[in-house]
Protein chains: 2
Amino acid sequence: MATIYQVSELAGVSLATVSRVMNNNTKVSDKTKQKVLKAMAELGYQPNSIAQSLASNRSNSVGVLVSELHGPFFGDMMSAIEDTLRLEGKHTIITSGHSDEERERASIEFLIGRKCDALILHAEAVTDEYLLNLESRGIEFVLINRYIKQLENRCIRLDNKQGGYLATQHLIKLGHQKLAYISGPKWKQDAQERLQGHKQALTDAGIDFDEALCFEGDYQQSSGSKGLDWLCEHAPKFSCVVCANDEMASGVMTRARQLGINVPSELSVVGFDNIIYANYLYPTLTTIDYPIYEMGRMAAKYILKQVYEKKNLDIESVFVPKLEIRDSSIEYV
Amino acid sequence: MATIYQVSELAGVSLATVSRVMNNNTKVSDKTKQKVLKAMAELGYQPNSIAQSLASNRSNSVGVLVSELHGPFFGDMMSAIEDTLRLEGKHTIITSGHSDEERERASIEFLIGRKCDALILHAEAVTDEYLLNLESRGIEFVLINRYIKQLENRCIRLDNKQGGYLATQHLIKLGHQKLAYISGPKWKQDAQERLQGHKQALTDAGIDFDEALCFEGDYQQSSGSKGLDWLCEHAPKFSCVVCANDEMASGVMTRARQLGINVPSELSVVGFDNIIYANYLYPTLTTIDYPIYEMGRMAAKYILKQVYEKKNLDIESVFVPKLEIRDSSIEYV
DNA sequence: TTGAAAGCGATACCAG
DNA sequence: CTGGTATCGCTTTCAA
């Protein structure tokens with residue numbers, strides 16, 4: 001692998017000059033520039049980015065933390081970020097935290113050690129203090145789907161409560177009075193907020209929230225199935241179930257089919273997230289649109305603006321959920 | 001951020017000694033070791049991995065290239081790799097190539113520039129020559145889902161042809177005689193192989209392959225829908241359709257429903273890959289199991305063995321597809 | 001506009 | 001077992 005030294009030798013200029021044409025920030029005469037370019041081409045020179053990072057304390061790469069590397073939600077998030085950053089020549093390093101405090105922290109520290117210029121975090125398990133401390137360490141970062149008051153301007157988020165509200169309100173408007181709910185893990189902020197929205201919608205409609213109609217899932221498809229089983233066995237009668245995400249909703253629909261319960265005529269189902277295949281389920285799933293791709297883009301833009309000094313970028317930090325009505329929910333008769 | 005220099009100063013030893021306790025490969029007296037450890041703790045010292053890489057020409061990270069960051073297939077692949085590598089303290093850097101030659105090459109060069117110790121590549125667009133050249137450059141890598149004779153031992157792959165064969169044979173055994181086929185992009189190796197398997201199965205059953213019953217999709221869900229439309233309009237009558245992947249199969253089933261065609265009674269559908277939600281579709285999808293998680297693990301193990309000198313790892317490079325019979329395919333009457 | 005030289009933060013070889 | 005020192009490949013003042 002050719003080094004900058006060999007290039008400078010072949011071109012008959014100094015190291016510094018070669019470096020200058022690479023980063024073309026300083027003026028270099030056109031003639032020398034051509035010589036250098038030619039030498040680089042001839043040697044098939046590729047700068048060693050590790051050395052660049054060490055010297056400049058800049059890596060042109062941003063670190064991303066997701067909960068899981070698989071799953072439609074994080075897939076879209078990663079794609080959005082990489083697409084956006086790549087256009088500006090920045091690279092993306094991805095790690096996963098598995099919703100576990102220890103592992104999230106380890107991943108974040110790894111990214112920092114890797115001298116990422118900034119971080120985009122979907123951090124669920126790590127404490128507020130840790131994140132606050134990150135800021136005081138001078139680390140540049142932005143949070144997706146988490147709200148911490150003191151870090152407000154670094155939070156790109158969806159109004160989850162409003163989303164939960166919309167989902168439930170939709171069913172109430174359809175005449176449903178007995179609504180079951182399958183929540184995400186209660187310790188997760190978004191799960192809490194979505195549930196709060198649900199309760200608020202009930203209250204506003206004069207319906208009492210019944211703990212017995214509420215099952216705590218884990219956001220996985222299988223827990224939707226488990227949830228439906230549990231509800232059928234332990235809960236009072238209900239005509240619909242609102243799920244805290246689409247994957248659990250999918251689990252519910254599949255299990256319902258196995259149990260011989262028709263969706264939507266006997267049971268309406270509503271999801272949350274609007275993941276890509278919500279529209280390919282049968283029946284197609286009524287859900288709350290979570291513009292995760294847009295939010296991923298926005299997070300990347302934030303970094304571009306704050307860290308890489310791109311101007312003319314409007315940052316918007318709170319996104320609004322939208323109800324997407326499809327076939328899995330119908331009027332209660 | 002503390003440096004090794006400050007640690008050595010505080011501990012009253014040389015740089016070299018500090019380095020030695022970090023990498024504990026050379027003997028260091030217990031007493032000095034404790035002094036150093038204490039100093040490190042006191043300063044909250046974290047080695048700078050960029051500097052380590054530059055100096056050691058080792059990064060303890062392996063680069064991964066996938067086609068897309070989203071999608072169930074690549075999600076599982078990435079998860080498998082990261083899970084396996086992390087257990088050994090190695091890190092994963094992920095990039096995407098979007099099935100585009102230019103971008104695949106750029107990503108690979110980025111990973112190399114990043115001094116990854118090895119690469120795991122799902123490279124579709126880059127030429128054989130390029131890959132061959134990679135080897136002669138002395139780069140350690142392993143290929144997933146691609147076969148190049150000269151690189152045979154570096155190829156972790158599924159017998160795609162056999163998979164295509166099984167899918168088609170299954171339908172023929174059920175009595176189908178008019179089989180439509182929706183392939184992946186013809187320029188992709190796996191798409192070719194699966195199609196070959198399909199043709200072989202037809203031939204073995206004495207059925208002629210009919211070009212008019214074959215639509216070329218792009219492995220996306222939407223092209224499954226488009227494919228069915230096209231087939232209904234242009235192709236002779238058929239009683240089933242075999243799809244080169246599950247996502248297109250899902251598209252076919254959804255479109256069939258919209259067209260009022262019952263699956264499976266009027267149309268049997270078979271997919272390929274056995275992605276996680278194949279089992280949540282309605283009807284559940286008959287498909288060919290692609291053990292991508294296992295293959296991702298295996299690729300990681302190969303690297304662990306070859307590059308990081310872990311012993312006692314059995315490497316298996318050709319995986320066997322398995323037919324997974326579910327509800328989307330039934331006997332032809 | 002260009003060159004010389006001092007780092008960046010570690011590793012690793014060679015002596016002692 | 002420990003210390004000194006050259007080195008990795010590049011960036012970035014500082015002068016010229």
Side-chain angles (χ1 to χ4, degrees), chain A residues 1-37 39-40 43-61 89 91 109-110 112-117 138 308, chain B residues 1-40 43-61 91 109-117 138:
Chain A
M1 195 100 262
T3 74
I4 195 176
Y5 184 76
Q6 300 169 34
V7 175
S8 80
E9 197 164 1
L10 182 58
V13 299
S14 74
L15 284 196
T17 302
V18 177
S19 174
R20 287 188 185 103
V21 351
M22 292 183 48
N23 303 298
N24 63 20
N25 35 20
T26 323
K27 275 267 134 295
V28 177
S29 80
D30 224 48
K31 227 174 81 186
T32 29
K33 190 169 183 170
Q34 293 312 323
K35 278 196 302 193
V36 173
L37 256 19
M40 299 209 294
L43 293 167
Y45 172 71
Q46 292 286 133
N48 177 323
S49 65
I50 296 282
Q52 285 178 313
S53 297
L54 185 59
S56 66
N57 211 20
R58 265 284 172 107
S59 61
N60 280 320
S61 60
H91 290 288
E109 296 300 333
F110 165 70
I112 294 171
R114 268 290 175 199
K115 287 272 172 290
C116 288
D117 300 330
Y308 296 117
Chain B
M1 196 103 257
T3 73
I4 196 175
Y5 184 76
Q6 300 169 33
V7 175
S8 79
E9 195 164 3
L10 182 59
V13 299
S14 74
L15 281 196
T17 303
V18 177
S19 176
R20 285 186 187 104
V21 352
M22 292 182 47
N23 303 299
N24 63 20
N25 36 19
T26 323
K27 273 267 134 296
V28 177
S29 82
D30 225 47
K31 228 175 79 186
T32 31
K33 190 168 183 171
Q34 293 314 319
K35 277 197 299 191
V36 173
L37 257 19
K38 182 153 165 288
M40 298 210 295
L43 292 168
Y45 171 72
Q46 292 286 135
N48 177 323
S49 66
I50 296 282
Q52 285 178 314
S53 297
L54 183 59
S56 67
N57 213 20
R58 264 281 172 111
S59 61
N60 280 319
S61 58
H91 290 288
E109 295 300 333
F110 165 70
L111 294 171
I112 294 171
R114 266 295 178 197
K115 288 271 172 293
C116 286
D117 299 331

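Predicted model, so just to flag it, every value in this text is computed and none were measured. Just so we're on the same page: letters track the sequence lines, and every chain starts at 1.
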Should [X] be listed as having a side-chain N or O under 4.0 Å from OP1 or OP2 of [N]?
{"X": "A:Y45", "N": "D:dC10", "value": "yes"}
{"X": "B:T3", "N": "C:dG9", "value": "no"}
{"X": "B:T32", "N": "D:dT2", "value": "yes"}

Let me confirm one number: the [atom1]-[atom2] distance from [X] to [Y], rounded to the nearest 0.5 Å.
{"X": "B:R20", "Y": "B:S14", "atom1": "CZ", "atom2": "OG", "value": "6.0 Å"}
{"X": "B:T32", "Y": "B:L37", "atom1": "OG1", "atom2": "CG", "value": "10.5 Å"}
{"X": "A:R58", "Y": "A:S49", "atom1": "CZ", "atom2": "OG", "value": "14.5 Å"}

Item to complete: Could you please name the option among D:dT2, C:dG9, D:dG9 that lies closest to any side-chain atom of B:T17?
Response: D:dT2
Practice prompt. Please determine, for the side chain of A:A55, which listed nucleotide (C:dA10, C:dG7, C:dT2) has the closest atom?
Written response: C:dG7
What's the [atom1]-[atom2] distance between [X] and [N], to the nearest Å?
{"X": "A:L54", "N": "D:dT12", "atom1": "CG", "atom2": "P", "value": "12 Å"}
{"X": "A:N24", "N": "D:dT12", "atom1": "CG", "atom2": "P", "value": "13 Å"}
{"X": "B:K33", "N": "D:dC1", "atom1": "NZ", "atom2": "P", "value": "11 Å"}
{"X": "B:N23", "N": "C:dA10", "atom1": "CG", "atom2": "C1'", "value": "9 Å"}
{"X": "B:I4", "N": "D:dT2", "atom1": "CD1", "atom2": "C1'", "value": "14 Å"}

Worksheet item: Under the side-chain contact (heavy atoms from CB on, under 4.5 Å) criterion, do B:Q46 and A:I112 qualify, and how do the steps go?
Response: CA-CA 10 Å; B:Q46 292 286 135; A:I112 294 171; over 6 Å; no
Worksheet entry | Comparing B:R20 and B:P47 on DNA chain C - which has the more 5′ nearest nucleotide | B:P47
Worksheet item: Of B:S29 and A:S49, whose closest DNA chain D nucleotide lies nearer the 5' terminus?
Response: B:S29
Discussion item. Heavy-atom nearest nucleotide on DNA chain D for B:L15 versus B:S56: which residue maps closer to 5'?
Written reply: B:L15
